[in-house]
Amino acid sequence: MANVSAAANTPTKAKKVKKNSQGAEVWSRLKNRKLAMIALAGILLVCFIALISDIVYPYQKWAIEQVASNKLLQPFKDGSHWLGCDHLGRDMAARIFHGSRVALLIGVGSTLISLFIGSVLACICALYGGLADMIIMRIMDILSSVPGIIISLAICSGLGNGIWQLMTAITISGVSYHTRMIRSYSLSVAQMEYVESSTALGGTPTHIMFKHLFPNIISIIIIQCAGNVSGNILQVATLSFIGLGIKPPRPEWGSMLNEGLTYMMRSPFMVWVPGIALVFTSLMINTFGDCLRDAFDPQLKGKA
Amino acid sequence: MLKYTIKRIILIPFMLLVIALLIFLFLSLSKADAITQMLPTQYTPEDYYNLQHELGLDKPVVVQYLNWVWGIISKGDFGMSYKTRGPVWTEIGYRIPTTLKFAIVTTICTLLIGVPLGVLCAVKQYTLVDDITNVICKIVGSIPGFWLALVLLLTFSLKLKWLPTYGLTSFKHWILPVVTSVLPGSAYYMRQVRSSMLDCIRKDYVRTARSKGATERTVIYRDALRNALLPMITITGSVFALQMGGSVVIENVFALPGVGSKIVEAINSKDIPMIMASSMMLAIICCLMMLIIDLSYALVDPRIKATFVSAKRSKKTDKEKEKEAA
């Protein structure tokens, strides 16, 4: 829609002006929103933490080694353990730092894979319709008739604990949702006149898919991508919280919360600290996704 | 339409069989763990093979699966629990109403909060109301259900001692679990309604309606809302599924006697028949719900409905129209 309406509204003179790419325009609009920049800074902070975690807190010494004298050390009591220590005397800050790696890796990785699969399937559905649509949607129906977490649970308990197992589980349970969502949007795009005219002019499905369908649903894909990363991070934490997920000594926010549940009465910080890290990360990603949505809004194009 | 409905209903058992196969295949990967967990710490390979034979796990997976399916069809038998060695059904059957009631209550509450808020925010975009609701929804939507449950428990049950911590015996017991599930759900739903509504408000037909002199109210409720709510129907299905899935965690934290808490318990004790049966129960409920939602989607949207009418029939109607025109 974006390209068509822009082209239709632009007077002939303006066509000579060099057209900015959509990406550049979106970026310039994003730069003007403080909230977007704050969220971006927050996301970069989490990425930065994930990157430097090995330098600041060497993995084995800080995140894994148990120090009996530090058991349930309260936060801000000891200079070197500013977030306190858990029930086994491991530094909370170090575990939070290292946990961010797992969260980001699985969150981003599984989102990208499942979104890619989902959008390709959705476009095939919208363009070919008929039998292809029927088969793909029935498979998606089958996958999505079960809540994603049940499939994840089954996959995780079958494959065992670990990062790749978790990633597989979350990717598979995400595909059906993306396909359904993107399909419902691409169906409406596929019914547009310009798609019809392109077909009439002999445009192949591949041509339509890349020239007309993708440019018009890309904003929806990107917005979903942002929302989904945080959703997946939360799902990783949820699975770990239940006890399926990362192998125990490795720090992960969800399993840290599970440990915190047992010591909730005596040291509530074990519930607060990983939870706040989790909420902060997902809040920043969600906020940025929302700002992206506003920046992508085609009807605002040229006005901002 | 009727044909489509019947087709969909017939499809459901097949869908369930495929899901069951999928879950069965994944779970059978962990059968070695399940067997060793049932044996005492000191065991001989012979013990292992005896137990494997006793449980029927030495047969090929497909045969096991077919046996399992045949057991359900012929006797309504979901198998024996590895842990209690009793029939699985007796432990799950009485838990279903709790989970179902919980999912329905939370879904309805989610819709009741999500739709009006979403419409309000879209209509008053970039005003104070929109901003405040948005900020709250963003924060709530970023909180994982189980952590929200922990925080609410910490504040309202342990600190303030207003509400009970676990169980489902009185109205008070329902408050925390329902609030925990509804808040993130409705934040999600509200965002979807808002964005769908915003898309519609900027459509040409809304502008046309305005320029024709329709009141703002009519434009919003007749033109924008109706179209905006169409994609929401599919999302209602995912909200229901979300609540069913969320029940796994929420039931676990609040120790509710539902199917979800049983799944987690069964997974931790590697009780494969129990995992199978309880996840299939959730799958069956969700399948039926999806059917209802898909049918209503087709019923409401004439564009989608038209695709179900077979090509032959539409040709006929064209011819009839031509005849009428002639």
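Chain A is the first sequence line, chain B the second, and so forth, proteins listed ahead of strands; every chain is numbered from 1. Values below: every heavy atom of this structure, side chains too, minus hydrogens, waters and symmetry copies.
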Is the backbone N or O of A:V271 less than 3.5 Å from a side-chain atom of B:W147, with the two atoms forming a donor-acceptor pair by type?
yes
Non-hydrogen atoms of chain A under 4.5 Å away: do they reach the side chain of B:L288, the backbone, both or neither?
neither
Show the numbers, then the answer: is there a side chain to side chain contact (heavy atoms under 4.5 Å, CB included) between B:M244 and A:I149?
CA-CA 9 Å; B:M244 289 292 279; A:I149 195 164; over 6 Å; no
Please round to the nearest 0.5 Å and tell me the distance separating atom CG of A:L234 and atom OG of B:S142.
7.5 Å
When heavy-atom pairs shorter than 4.5 Å are enumerated against chain B, which of A:S184, A:G130, A:S230, A:A237 gives the highest number?
A:A237
Enter the distance from A:N286:CG to B:Y188:OH here, rounded to the nearest 0.5 Å.
12.0 Å
Give, as side chain, backbone, both or neither, the part of B:L22 having an atom under 4.5 angstrom from any heavy atom of chain A.
side chain
So, do B:V18 and A:I139 sit near enough that their side-chain heavy atoms are less than 4.5 Å apart?
no
Part of B:V253 within contact of chain A (heavy atom distance under 4.5 Å):
side chain
A:M181, part contacting chain B, at a heavy-atom distance under 4.5 Å:
side chain
Check: B:L150 and A:F241 side chains under 4.5 Å, non-hydrogen atoms
yes
Would you call A:L35 and B:K138 a side-chain contact if the rule is heavy atoms closer than 4.5 Å?
yes
Heavy-atom distance under 4.5 Å to chain A: side chain of B:Q192, backbone, both or neither?
side chain
Checking heavy atoms, do the side chain of A:T238, its backbone, both or neither come under 4.5 Å from chain B?
both
Under a 4.5 Å heavy-atom cut-off, does chain B meet the side chain of A:F280, its backbone, both or neither?
neither
Between B:L27, B:I23, B:I19, the one whose heavy-atom pairs under 4.5 Å with chain A are most numerous:
B:I19
Please report the interatomic distance CG(A:L244) to CG(B:N268), rounded to the nearest 0.5 Å.
7.0 Å
Portion of B:I235 that has a non-hydrogen atom of chain A nearer than 4.5 angstrom:
side chain
So do B:V151 and A:W272 actually touch side chain to side chain, heavy atoms under 4.5 Å?
yes
Within-4.5 Å side-chain heavy-atom neighbours: B:P144 and A:L257:
no
Counting only non-hydrogen atoms closer than 4.5 Å, does A:I276 touch chain B with its backbone (N, CA, C, O), its side chain (CB onward), both, or neither?
both
Please identify each residue that fulfils ring-ring contact (aromatic ring centres under 6.0 Å, His included) with B:F240, with sequence neighbours left out.
none
Student check: side-chain heavy atoms of A:I242 and B:I267 closer than 4.5 Å:
no
Check this for me: B:Y205, atom OH, are more than 12 non-hydrogen atoms of other residues, nucleotides or ligands nearer than 6.0 Å?
yes
Taking side chain as everything from C-beta outward and backbone as N, CA, C, O, which of these in B:L11 sits under 4.5 Å from a heavy atom of chain A? Side chain, backbone, both or neither.
side chain
All N/O donor-acceptor pairs, side-chain side in residues 150-158 of chain A, below 3.5 Å, sequence neighbours left out:
unit_1: A:S152; atom_1: OG; unit_2: A:G148; atom_2: O; d: 2.9
unit_1: A:S152; atom_1: OG; unit_2: A:S173; atom_2: OG; d: 3.3
unit_1: A:S152; atom_1: OG; unit_2: A:Q235; atom_2: NE2; d: 3.3
unit_1: A:S157; atom_1: OG; unit_2: A:L153; atom_2: O; d: 3.0
unit_1: A:S157; atom_1: OG; unit_2: A:A154; atom_2: O; d: 3.3

Cut-off 4.5 Å, heavy atoms of chain A, and the answer for B:S195 is both
Please classify the contact between A:I233 and chain B as side chain, backbone, both or neither, with a heavy-atom cut-off of under 4.5 Å.
neither
